[in-house]
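Notes for the one structure printed next.
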Amino acid sequence: MDYVSITKTNRLFWLGRYYERVSLTLRFIMERYDEMIDTDMFDFHQYCYDLGIPDNYLDSDDFFEKYIFDVDNDFSIRNSAEQMLGNGMVLRETIGSPTLAYLQMAVYSLDELSMNKYPLGLGLQQVIDNIMAFRGSYDDFIEDDSVRNTIKCGASIELMSFCLRTRFLEEALPTELHKFLKRLQRCNLPTDALSLQALVRQSRIYEGKYDAFPLEKRDYINAVESLFIV
Amino acid sequence: MDDLLIHKEEINMQMARYGVKFGIYKNGTFKERLFPYDPIPRVISSSDFSLLERGLAQRVDALNMFLTDIYSDKKIIKDNVVPAEFVYRSPGYLAQCEGFTPPKSIYSHISGIDLVLGKDQTWYILEDNLRVPSGASYPLIARSLSRRCSPETFRRNDVMDNRNYGNMLKEVMDNVNTGGINVIFTPGRYNAAYFEHSYLAEQSSAVLAEASDLFVENDYLYYRGNHGTVRVGAIYRRISDEYLDPLCFYPDSLIGIPNLMEAYRAGNVAIINAPGNGVADDKGIYYFVPKIIRYYLDEEPILMNAPTFLPFYEEDMKYTLSNITRLVIKDVAEAGGYGVVFGSELTEEQLDNLKEKIKAEPRRFISQEVIDFQDLPVIDGKTTVMRKADLRAFVLSGSNTRVWPSGLTRFSRNPNSFVVNSSQGGGFKDTWIMFQ
């Protein structure tokens, strides 16, 4: 049995959020980067607005460079990767060294890509591959159901928040919410009652079991972001 | 062996993959660095290790008896073997530890003893580290990764397995556990040895905890678990004495556990290593260790100290001042390679200043003959160069005293330097103990 303190629970949750943030934003960026081959359609100003992050990029090239790789930019993917690794490092004895190694490799892949001319899409795919390997590894390695599901709850919250803000993978929302509510029952995270009520209601609406207006986007985001008291 | 050397890059990549790092503060900023690893191991024969085993166990047993005595009857002072001044003026002596003996009378559960092999083939002990000696995790993980990269090397060489360190550590903790879980207490991610803390927790199945995870209630130490509180029976602290308990030592410590010393003194938790050990690994006390061995064990020391002089004694003061250009002078209050000065490297003015300091504060310094210790081969690019190297041996005191069949070999990356500490830019090697 793993002994998990409140501090550690907090880190498990944020580990889930950060690895999902890195993975999702990279997938999003790769799609936009691909679109930019044929068009000039990506509106990074809108993206920054949707996520509520500072929009201080000169043009789309500057955005792709700094938003992905700039370690000094608090809102960059590189910074999220650092937070992901930092939370993983303080959980070594819980998630195991072999599992943690995938996070370390994801960060190395990102750093290597920033220093060479390797095609961006291929390089970013390596980062995502390492994160996918991490997901499989922790799911397999961690025996304690509650620990595993705490990480997964963090990942679900991040995914729902990102989908709601950017409409990216919006079709995955009902399934994710359903999975999330099941995971929530298997961990020990303290929740805000009103937010939980709103999300359960939304889930029932998705399933067609409750005939009411769905949550407004802003209320939905608020319910997701303020659910946990961590 | 050649096969292992061919795979140097792969091994280093594996080290990077597993985040084998140490932290360093430079100009107030925390930076993590990969610990430079050299694949050529230090090889110690079975007969040499047998001598080291006996000598190190003897030394650590005697030092544990010294600590028990110092914090209780003080017979060794009364019998004029060790001057009282060297005990009570040592910064490592803690009056708060007086009148209490830890579980099973073990003070130093994990001792890191630094040795060098002289060119005369004699092992000399340079330093005892009885507080929070670090470094075991590096050869431990290096061995696992080297075996992965070059299995043939280990098929062909009859090397003792060193991967039992986690079990040995667990046995040491279990031996003194007063009832409850084993915890490794870390100051946190920004400590220089954080990798080691987390890796050893994983290897020994202990719970890694920070100050906010632990609290004392009614003289018992508890872990603040998500499913309720859990009693702690043994705490392997990786934090200095002065920060351990703000109600007993340094009051501004934010990384300590209030009232931990109360729980310890009530006999409800074992602290590994015990607080107050600094009095026994003080560079001033080092001089007396051979006498300490003779006093408590009635045996001749198996391993030798480096020839050492105490300016505290008039005769040694004269010797130090007149031979200062060929001696190494150490400030007893410093550690980690700091406060070590080679007389041969100083200008006339610097020598005069140092002499004045020694005369003003004789208790603060020791002087030692410079041991011309053996160089070891180190790979530098595509060539092999010779560099100074020491050995940190780990002695674990549980139900009996055992020497880990390995050790941290640190080498200087600087051709003319004797300083091997990682904080000074040194690298490390695995240490092979052979069956033959």
Original post:
Under a 4.5 Å heavy-atom cut-off, does chain A meet the side chain of B/Glu210, its backbone, both or neither?
Top reply: side chain
Original post:
Counting N and O atoms only, with roles assigned by atom type, does the side chain of A/Tyr108 sit under 3.5 Å from a partner on the main chain of B/Arg17, one being a donor and the other an acceptor?
Top reply: no
**OP:** Might you confirm whether atom CG of B/Asp252 has over 12 heavy atoms from other residues, nucleotides or ligands at distances under 6.0 Å?
**Re:** yes
Subject >> Contact check, side chains of B/Phe195 and A/Arg92, non-hydrogen atoms, under 4.5 Å >> reply: yes
Original post:
Relative to chain A, which segment of B/Tyr223 carries a heavy atom at a distance below 4.5 Å: side chain, backbone, both, or neither?
Top reply: side chain
Original post:
Is chain B contacted by the side chain of A/Met89, its backbone, both, or neither, given a heavy-atom distance below 4.5 Å?
Top reply: both
**OP:** Validate the cation-pi geometry between B/Arg224 and A/Tyr3: distance from NZ or CZ to the six-membered ring centre under 6.0 Å, angle to the ring axis within 45°.
**Re:** no
**OP:** Could you look at A/Leu100 and say if it's the side chain, the backbone, both or neither that has a heavy atom under 4.5 Å from chain B?
**Re:** neither
Subject >> A/Tyr57 atom OH, over 12 foreign heavy atoms within 6.0 Å >> reply: yes
Original post:
Would one find more than 12 heavy atoms of other residues, nucleotides or ligands at under 6.0 Å from atom CD of A/Glu207?
Top reply: yes
Original post:
If you count the non-hydrogen atoms of other residues, nucleotides and ligands that lie under 6.0 Å from CZ in B/Phe215, is the total more than 12?
Top reply: yes
**OP:** Compare every heavy atom of B/Val207 with every heavy atom of A/Lys8, then report the nearest pair and how far apart it is.
**Re:** NZ-CG1, 4.2 Å
**OP:** Please name the pair of heavy atoms, one in B/Gly19 and one in A/Gln104, separated by the smallest distance, quoted to 0.1 Å.
**Re:** CA-OE1, 3.5 Å
Original post:
Does atom CE of A/Met30 have more than 12 heavy-atom neighbours, drawn from other residues, nucleotides or ligands, at distances under 6.0 Å?
Top reply: yes
Original post:
Under a 4.5 Å heavy-atom cut-off, does chain A meet the side chain of B/Ile141, its backbone, both or neither?
Top reply: neither
Subject >> Options B/Thr229, B/Leu208, B/Val183, ranked by heavy-atom pairs under 4.5 Å with chain A, top entry >> reply: B/Leu208
Original post:
Where is the tightest heavy-atom contact between B/Asn226 and A/Asn188, given as atom of each residue plus distance?
Top reply: O-ND2, 2.8 Å
Subject >> Heavy-atom proximity to chain B below 4.5 Å, by part of A/Ser146 >> reply: side chain
Subject >> Under 3.5 Å side-chain donor-acceptor pair for A/Ser97 and B/Glu202 >> reply: yes
Original post:
Which bit of B/Ala209 comes within less than 4.5 Å of chain A, counting heavy atoms only: side chain, backbone, both or neither?
Top reply: neither
Subject >> Min side-chain heavy-atom separation A/Glu93-B/Tyr199 under 4.5 Å >> reply: no
Original post:
Is the number of heavy atoms from other residues, nucleotides or ligands within 6.0 Å of CG (A/Leu122) greater than 12?
Top reply: yes
